[in-house]
Amino acid sequence: VTRASGSRRRWRGRASQPPLALSGAWRSWVAENAVAGAGAAELVDALVSAAVPAPLARREVTAVLASPLLELLRASRLEAARLELVPRLLRHVARASPCAASIERLASLDAGDFLARYYAASRPVVLTELLRGWPAVERWTPAYLAERWGDVEVEVMTGELASSTIRTRGPEERRRVLMRDLVAHVTAPEGPIELYLEGYNRALEQPEFAPLLDDLRPPDALFDPARARGAVSLWLGPRATFTPLHHDATNIMFCLVHGRKRLRLVSPLETSLLRAVHGAWTTAPLAELLLRAEHAGVVVHEIELVAGEALFLPAGWWHEVEAIEPSIHVSMTHFRQPNDLSFYRPGFLGP
Ligand SMILES: O=C(O)CCC(=O)C(=O)O
C-alpha cells in the first residue's frame, strides 16, 4: 500500500465515538491505492492500522472496490501513463545528441536550416550575429532613450521586481512614468528594483516610438514585415530584474540590444514541471522545484546573453530571466511560419 499521500492525512473521527464513514480524502486514498494494485485485505489492514474500526474499514473498502468510478480512475491513470511515455521517449533519445547538455551558439545560419533544425524542432539556439549591423545595437542605451524621449510617458510594471514572486500584471501593478524617470531608475547603481518596462506595456505601439522600429533589422527570410505591428515588444529594466519561471505560447526571438541577461531554460518535455503549473507560471521558483524529489533529473540550461545576441526561445519552453546589468531587449514573434500556439495552455486546463 502506498502511504505517500495517505500517511499525511488525519483520521477525522473522535476516538470515543467510532465514525460512521471515511472522509473523502481517505476514500480517495483507498481508490488511488486500489488502482495502484493494492488488494482488499491490504487496504483494510492499512486502514485498521490508521485506527479505523475493522468493520468500517471492510465496508468502505468493499464500497470503493465496487464503485464504477474506480474503473474510470483506472482508465484515466492508464491513459496518462501511456501519454507520459511520449515525452519520456523524446527526453531519452535527446540525450544522444552532442548538444544535449547545452544550448547551441551559432554565428548565423540560413533560414532553411533555422526552420528545420530549431523552429520546427522546438529547440532553442543563441544566434550571436543575427543583430549584426542593427542600428539599435549601436545606438540604444538607457541614456539615449532618455535624451530623445525623456518627456514621453510610458506605462511600466511596478512591484518587487527582483523577487521570484509571481506577478499579476494587473492594473494595480502598472503605473505611468516619464521615460526620463524610468531611465534614472534603470541606471541607478543601487536601491530597490521597482520599475520595469515590459513587452506587455506595449511601448512600441506608441506613435512616439515609431522611429525605434526603424532601428531593428529582422531578416525578411525569417520575419514577415507585414505582421510586425504588435509583434515586436520592448523591455527596459534595471539590473537584477527577475522574471520568474513561466512559458509562452508563441515562439520568440529574444534580441538583447543592450546589457546582459541570464536565462535558465527547461524543455516542455520535462513534464514533471506541469505538476507545479499555475496559469503560465509555476507555483514556486525553479531552484525550489529542483529540490523536490518529483523533479529529480530535470535538465536546466543556463545561458548568458550579451548585447548583440539573440536567443530563439520556442513556445512552451520554461524560462526564468535575470538581468545582470541594466538591459534593453526586443522580443519578436512575427515569424513567417505559424506562430499562434495559444492552444498550449496546460496551466489553464483546470484547477
Ligand atoms: O527579460 C525578461 O525579464 C523576461 C522576458 C520573457 O520572459 C519573455 O519575453 O517571455
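All ligand and atom numbering here is 1-based and tracks the order in the structure.
- The distance from ligand 1 to the heavy atoms of S331 drops below 4.0 Å at these ligand atoms: 9 (O).
- Close approach of ligand 1 to F254 (heavy-atom distance below 4.0 Å) involves ligand atoms 1 (O), 5 (C).
- Annotation: Y200 places no N or O atom under 3.5 Å from an N or O atom of ligand 1; distance criterion only.
- Annotation for ligand 1: atoms under 4.0 Å from non-hydrogen atoms of Y196 are 1 (O), 2 (C), 3 (O).
- Protein heavy atom in closest approach to atom 4 (C) of ligand 1: T243 OG1, 3.3 Å.
- Screening residues 103-139 for ring-ring contact (aromatic ring centres under 6.0 Å, His included) gives F114-F312, Y119-F312, Y119-F335 as the qualifying pairs, with residues at least two apart or on separate chains.
- With respect to E155 and R175, no salt bridge is recorded, no charged nitrogen being found less than 4.0 Å from a carboxylate O.
- Two rings, from H319 and F254, have their centers 6.0 Å or more apart.
- By the 4.0 Å heavy-atom criterion, H246 is counted among the residues contacting ligand 1.
- Remark: E160 CD is loosely packed, at most 12 non-hydrogen atoms of other residues, nucleotides or ligands lying under 6.0 Å away.
- When only interatomic distances are considered, the shortest N/O to N/O separation between D248 and ligand 1 falls below 3.5 Å.
- For atom 8 (C) of ligand 1, the closest non-hydrogen atom on the protein side is H319 NE2, 3.7 Å.
- Counting heavy atoms closer than 4.0 Å to ligand 1, residue E198 contributes nothing at all.
- Judged by the shortest distance from any of its heavy atoms, K261 lies inside the 4.0 Å radius around the atoms of ligand 1.
- Taking a 4.0 Å cut-off on heavy atoms, F242 fails to register as neighbouring ligand 1.
- With a 4.5 Å cut-off on side-chain heavy atoms, M253 and L130 count as touching.
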(message) Assess the residue pair E322 and R264 against the criterion (salt bridge (charged side-chain N to carboxylate O under 4.0 Å, His left out)); give the C-alpha distance rounded to whole Å, side-chain angles, the decisive distance to 0.1 Å, and a yes or no.
(response) CA-CA 9 Å; E322 187 184 345; R264 289 184 197 88; 3.4 Å; yes
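- Pairs engaging residues 255-284 under the ring-ring contact (aromatic ring centres under 6.0 Å, His included) rule: H246-W281 [sequence neighbours left out].
- Among the atoms of W235, none of the N or O lies under 3.5 angstrom from an N or O of ligand 1.
- In this structure, L256 and S327 have side chains that are in contact, with non-hydrogen atoms separated by less than 4.5 Å.
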